[in-house]
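Order of the sequence lines fixes the chain letters, A, B, ..., with proteins taken first and strands second; residue numbering starts at 1 for each chain.
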Amino acid sequence: MPIEPPVVRLDGLVKTFRGHLGLGKHVAVDGLTLEVRRGEIFGLLGPNGAGKTTTLKTMMGLLRPDRGEVRLLGLSPTDPAARARVGFLPENPYFYDYLTGEEFLDFYGRLHGIPAAERRRRIAEILARVGLEGRSRGSLRKFSKGMVQRIGLAQALLHRPELVVLDEPMSGLDPIGRREVRDLILAQREAGRTVFFSSHILQDAEMLCDRVAILVRGRVRYEGTLDALGDRQPRWFEVAIVGPVPAEWSGEVCSSQGGQTLVRVPDVETLTRLLAATPAAGGQVVSVWPRRETLEDLFLRHVGAAAEGGA
Amino acid sequence: MTATAEAAPRRPRVTAAVGAIALNTFREAVRDRILYLLLAFALLMIVSSRVLSMLTVGDEGKIIKDLGLSSISIFGVLTSVFVGVSLVFKEIDKRTVYTLLANPVRRWQFVVGKFAGLALVLLMNVVLMSAALVALLLARGDTVLRLVPAIVLIYVELLLVTAFAFLFSSFANPILSAIGTVATYVVGHLSWSFELLKDRVPEGAPRVLCDVLHAALPNLDRLDVKARVVHDLAVPGPFLGWAALYGVSYALAVLVVACVVFERRDFN
């Protein structure tokens with residue numbers, strides 16, 4: 001049985017931009033190598049200016065890489081056959097505001113060569129899916145930001161792509177809108193699609209992604225599963241003590257409230273010593289919380305390390 | 001049903017994307033008030049030519065034809081320049097091009113689709129303005145059949161001007177594109193001056209340069225038969241055919257260059 005190529009393969013991608021009047025050079029993406037397999041939800045995370053949008057635009061053939069290669073479903077993104085199997089939603093999308101929602105989707109359906117009757121059926125279906133049923137006859141000019149985002153998702157999904165590429169899909173949405181978009185992304189995985197999205201909202205990534213890559217200044221600083229993040233050894237412990245805290249740990253107190261003191265200890269040996277010393281000091285341990293690294297901790301660690309390294 | 005189990009995506013016909021983009025461009029233009037403003041002004045000019053003809057010494061019919069045809073040409077060129085230079089730029093500026101080109105659309109299909117859409121808009125404008133002029137002349141009992149070659153060649157000229165507007169807007173901003181297009185239009189109507197200049201410059205490179213410029217720049221006078229038509233002179237069929245072929249071929253060549261330039265663009 002032939003091995004299926006990765007749905008997304010970026011190999012040593014480099015993209016630089018020239019400054020004003022062609023002066024200076026800014027490296028937006030610096031040797032990015034990634035692979036995304038079928039059925040995954042992959043999050044490309046990073047602070048503003050990390051190179052996320054440049055990566056996505058290069059993936060869609062809107063920018064030409066200086067070096068390296070992009071393969072979507074084994075094909076070059078410049079090949080329309082690849083783009084016929086991919087749905088894309090750019091960041092802060094702006095659409096033809098002189099069209100109604102239905103006309104807008106009909107236009108994109110035509111670009112994919114979907115026959116008229118099938119287009120009508122799919123448009124009705126996708127509008128219901130994104131919660132715009134009965135609201136699509138108005139012009140896009142009158143759509144709220146959340147509605148624009150949802151109609152944008154509808155155009156990305158109308159042709160039933162195998163890969164969905166979303167640039168900051170939750171950006172600027174209220175909590176209800178974010179939840180709706182999250183549910184839509186999860187539904188894509190249920191339908192067997194692969195989702196590749198960029199975000200700087202870590203909470204959303206944590207809820208959705210099977211794997212993430214953290215991009216800082218155009219380079220991948222971390223790539224891995226979020227499960228691996230959860231399985232890691234605790235990075236520290238937080239111990240709640242009622243009564244006096246042993247003197248040795250008085251410098252490790254995080255907070256003190258309502259007679260309860262929270263002490264932070266770095267490892268199991270220290271924890272064992274604290275648990276033994278507390279009753280002797282006249283205190284009582286009421287709870288111990290092992291703290292594992294969250295995506296936010298990981299993100300801040302890698303962004304911070306990059307800033308310190310100056311790379 | 002999973003995405004992989006679904007039927008493989010159909011490969012859209014080459015013309016499907018061009019047709020969809022042309023229709024969308026036509027929709028954009030006809031829903032834009034500026035187009036109606038230009039059209040209303042042109043129609044007003046044509047109708048007012050009737051009044052002007054009564055106030056002027058000479059054959060009233062000729063004056064109406066002259067003013068009418070000039071109005072069709074001038075307002076057509078204004079539409080070609082101002083709508084033409086903004087169509088591609090607006091797609092890039094408002095980032096609608098991102099989602100469009102992320103679909104199975106080749107860049108040349110985008111350029112050709114936009115061009116075809118504007119060509120359709122110009123056709124609609126020319127037909128409406130010509131209908132107003134014809135109605136005015138028929139009301140006076142004038143003949144109108146001899147206007148047809150002039151109107152056809154005005155339309156061909158508009159296609160050529162639009163192709164230049166697309167070429168400039170494939171790499172420059174709308175202001176520079178408009179300046180470039182208008183300059184080409186003016187030079188195109190003065191290309192005969194290179195022939196005169198040739199006799200006044202020294203032999204050798206300067207004369208060769210005059211020949212090259214005369215041959216390379218569009219000769220828009222070839223498409224201008226307004227004076228003949230106004231004076232009720234017939235335009236021979238072969239002349240009309242060759243002139244139309246010249247204009248259409250030139251427009252296609254310019255459009256091909258615009259497609260090549262657009263193909264190499266990055267969308268930051």
When the 4.5 angstrom heavy-atom criterion is applied to Leu23(B) and chain A, the contacting part is side chain
Per-residue tally against chain B (heavy atom, under 4.5 Å) across Glu103(A), Gln188(A), Lys15(A) peaks at Glu103(A)
The interface call for Asp106(A) against chain B, heavy-atom contacts under 4.5 Å, is neither
Open item on the list: Would you say NZ of Lys145(A) has more than 12 non-hydrogen atoms from neighbouring residues, nucleotides or ligands within 6.0 angstrom?
Closed with: yes
* Asked: Between Phe41(B) and Tyr36(B), is the gap from one ring center to the other below 6.0 Å?
  -> no
d(Leu163(A) CG, Leu73(A) CG) to nearest 0.5 Å is 6.0 Å
Does atom CZ (Arg67(A)) have a neighbourhood of more than 12 heavy atoms from anything else shown, all under 6.0 Å? no
Heaviest contributor of heavy-atom pairs below 4.5 Å to chain A, chosen from Glu91(B), Glu28(B), Arg95(B), Arg107(B), is Glu28(B)
